[in-house]
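Shown next, in C-alpha cells, is the structure this report addresses.
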Amino acid sequence: MNYYFAYGSNLNAKDLFERADIELNPVGLALLPGYRLIFNYRSRSRRGGAISVTDVDATQHAVAGVLFEVPDGGLLAAIDRKEGHPNSYQRVPVSVWANGARVEAFTYITNPNREETFVQPTDAYVSVVAQGYRDHGLDIAPLHAAAAGSARASQVDGVFVYGTLLAGEERAHLVNAAGPRVDATTRGRLIDLGDYPGLVDGVGTVQGEYVPLADLENTLKALDEYEGFYAYGEGGGSLYHRILVLVSTPAGARVPWTYRYVPDAEGCPEVTGGSWRSWRTR
C-alpha cells in the first residue's frame with residue numbers, strides 16, 4: 001500500500017473524478033513540513049498557473065493536505081497520468097505527519113525543467129482547489145496567498161497552547177499575540193504533571209487555543225526557554241520538544257507550533273477530556 005499526500009486540485013473529488021475517473025480513499029489530514037505552496041507550473045489545460053510545493057525553511061513553513069491510500073497498480077498509474085508524471089510533475093517521496101506519526105508517502109512537484117518563478121492561476125482553477133480545501137476542512141488562506149504570488153504562503157505564524165499559556169493563565173503573557181486567540185483542538189493526550197500539563201501522542205483530542213504570533217522568532221525563543229526546549233533528540237536534555245501540528249479551528253485547519261512532553265509519561269494521570277482548564281477546576 002502506498003500513501004499519497006495531496007494538496008491541490010486532487011482534493012476536489014468531483015474535479016478529480018470528472019477529469020480522470022479517479023476515486024481516492026482518504027486516511028485523514030496530514031502535514032508536510034518544510035514546504036510551501038507555489039504556482040510555478042504553466043498548465044495549458046488549466047489555462048494558467050497550476051499549484052505545486054517547493055521546499056523552504058523547515059522552521060517557518062508547512063503545507064497542510066490530505067493523505068490517501070493508493071494500492072499498487074492501475075490507480076497509481078492513473079494518478080501518474082493525471083499529474084503528467086514524469087514530464088510535467090514528478091512523483092517524489094516525502095515524509096508527512098498524520099495522526100501523530102511520521103508516514104512515508106509520495107506527492108507530486110513541478111518538474112524542474114518546467115518551473116517558472118510564478119504563473120498567475122485563473123480564478124476558476126483557484127476555486128476548484130479551494131472547494132477541495134473546504135471539503136476537507138482545510139484553511140484556504142495559504143492557497144489564496146500562493147495564488148497572489150506571496151512567499152508567505154503556508155508560513156507557520158502561530159502557536160497551539162493547551163496549559164499555563166492559555167488566556168487567563170499565569171504564563172499567558174509570554175505569548176505575543178497578533179490577533180484574537182481561537183479555540184482549537186488537536187490529536188493526542190494530555191497528562192497531569194502537577195502544576196502544568198504535557199501533550200503526548202495517543203488517541204484522543206486535546207483542547208486549547210490557536211494564537212497568531214506578532215513576533216514569531218522572539219516569541220518562540222521565550223517559549224522555548226519556558227518549556228525547557230534546548231535541542232531535539234533524547235540526549236538534548238529537553239523537557240519538551242517544539243513540533244508542528246495540525247489543529248482544527250472554526251475557520252478550518254491551521255498549522256502552528258506546539259510543545260510535546262519528552263520524558264516517559266508512564267504513571268502520570270491522564271487529563272480526562274483533554275481540557276486542562278476543566279481538569280484543573282474539577
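- Here the CG atom belonging to Leu32 is positioned 6.0 Å from the OH atom belonging to Tyr35, to the nearest 0.5 angstrom.
- Between Tyr261 and Tyr240, the gap from one ring centroid to the other is short of 6.0 Å.
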Report task. Would you please test Asn10 and Glu83 for side-chain hydrogen bond (donor to acceptor under 3.5 Å, both in side chains) and show each step? Result -> CA-CA 9 Å; Asn10 287 351; Glu83 294 299 304; 3.0 Å; yes
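- Residues Phe68 and Leu11 are in side-chain contact: their nearest non-hydrogen atoms beyond the backbone lie under 4.5 Å apart.
- Between Pro33 and Ala62, the shortest heavy-atom contact is CA-CB, 3.9 Å.
- With contacts defined as side-chain heavy-atom distances shorter than 4.5 Å, the pair Ser95/Glu104 qualifies.
- Put simply, the side chain of Asn111 gets close to the backbone of Asn87: a donor and an acceptor are under 3.5 Å apart.
- One finds no salt bridge joining Arg102 and Asp201 here, because no Lys/Arg side-chain nitrogen approaches an Asp/Glu carboxylate oxygen to under 4.0 Å.
- Pro250 approaches Asp183 most closely through the heavy-atom pair CD-O, 3.4 Å.
- Proximity of a side-chain donor or acceptor of Ser275 to a complementary backbone N or O of Gln207 within less than 3.5 Å is not detected.
- Looking at Asp55 and Arg36, no side-chain N of the basic residue comes within less than 4.0 Å of a carboxylate O on the acidic one, giving no salt bridge.
- Judged by distance alone, with hydrogens and angles left aside, the side-chain atoms of Thr249 form no donor-acceptor pair with the main-chain N or O of Ala184 at under 3.5 Å.
- For Asp123, the CG atom sits in a loose shell: 12 or fewer heavy atoms of surrounding residues, nucleotides or ligands are nearer than 6.0 Å.
- Residue Tyr89 forms a ring-ring contact (aromatic ring centres under 6.0 Å, His included) with just one option from Tyr41, Tyr108, Tyr7, and that option is Tyr41.
- A donor-acceptor pair shorter than 3.5 Å cannot be found between the side chains of Tyr162 and Thr186.
- The side-chain tip of Arg91 points at the ring of Phe106 from less than 6.0 angstrom away and within 45° of straight on.
- Of all heavy-atom pairs spanning Ala253 and Leu29, the tightest one is CB-CD1, 4.2 Å.
- For the pairing with Pro263, the side-chain contact (heavy atoms from CB on, under 4.5 Å) check across Val200, Leu239, Leu193 returns one residue only, Leu239.
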**Report entry** Derivation of the side-chain hydrogen bond (donor to acceptor under 3.5 Å, both in side chains) call for Asp72 and Asn2
**Finding:** CA-CA 7 Å; Asp72 291 318; Asn2 301 292; 2.7 Å; yes
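- Under the 3.5 Å distance criterion, the side-chain polar atoms of His61 are left unmatched by any main-chain donor or acceptor of Val156.
- Between Asn25 and Glu69, the side chains place a donor N or O and an acceptor N or O closer than 3.5 Å (distance only, hydrogens not considered).
- Between Trp97 atom CH2 and Leu31 atom CG the span is 9.5 Å, to the nearest 0.5 Å.
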Query raised in the report: Hey, mind stepping through Tyr125 and Ser43 against side-chain hydrogen bond (donor to acceptor under 3.5 Å, both in side chains) and telling me if it holds?
Result: CA-CA 11 Å; Tyr125 176 68; Ser43 169; over 6 Å; no
Requested in this report: Given salt bridge (Lys or Arg N to Asp or Glu O under 4.0 Å), test Lys221 with Glu225 step by step and report yes or no.
Outcome: CA-CA 6 Å; Lys221 285 181 180 179; Glu225 182 178 357; over 6 Å; no
Query raised in the report: Does the pair Asp135 and Lys14 meet the rule for a salt bridge (Lys or Arg N to Asp or Glu O under 4.0 Å), with working shown?
Result: CA-CA 11 Å; Asp135 291 342; Lys14 182 176 183 292; over 6 Å; no
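- Side-chain atoms of Asn12 never come within 3.5 Å of backbone atoms of Val129 as a donor-acceptor pair (strictly under, hydrogens ignored).
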Query - Working for salt bridge (Lys or Arg N to Asp or Glu O under 4.0 Å), residues Arg171 and Glu227 - result: CA-CA 11 Å; Arg171 299 295 181 178; Glu227 300 286 1; over 6 Å; no
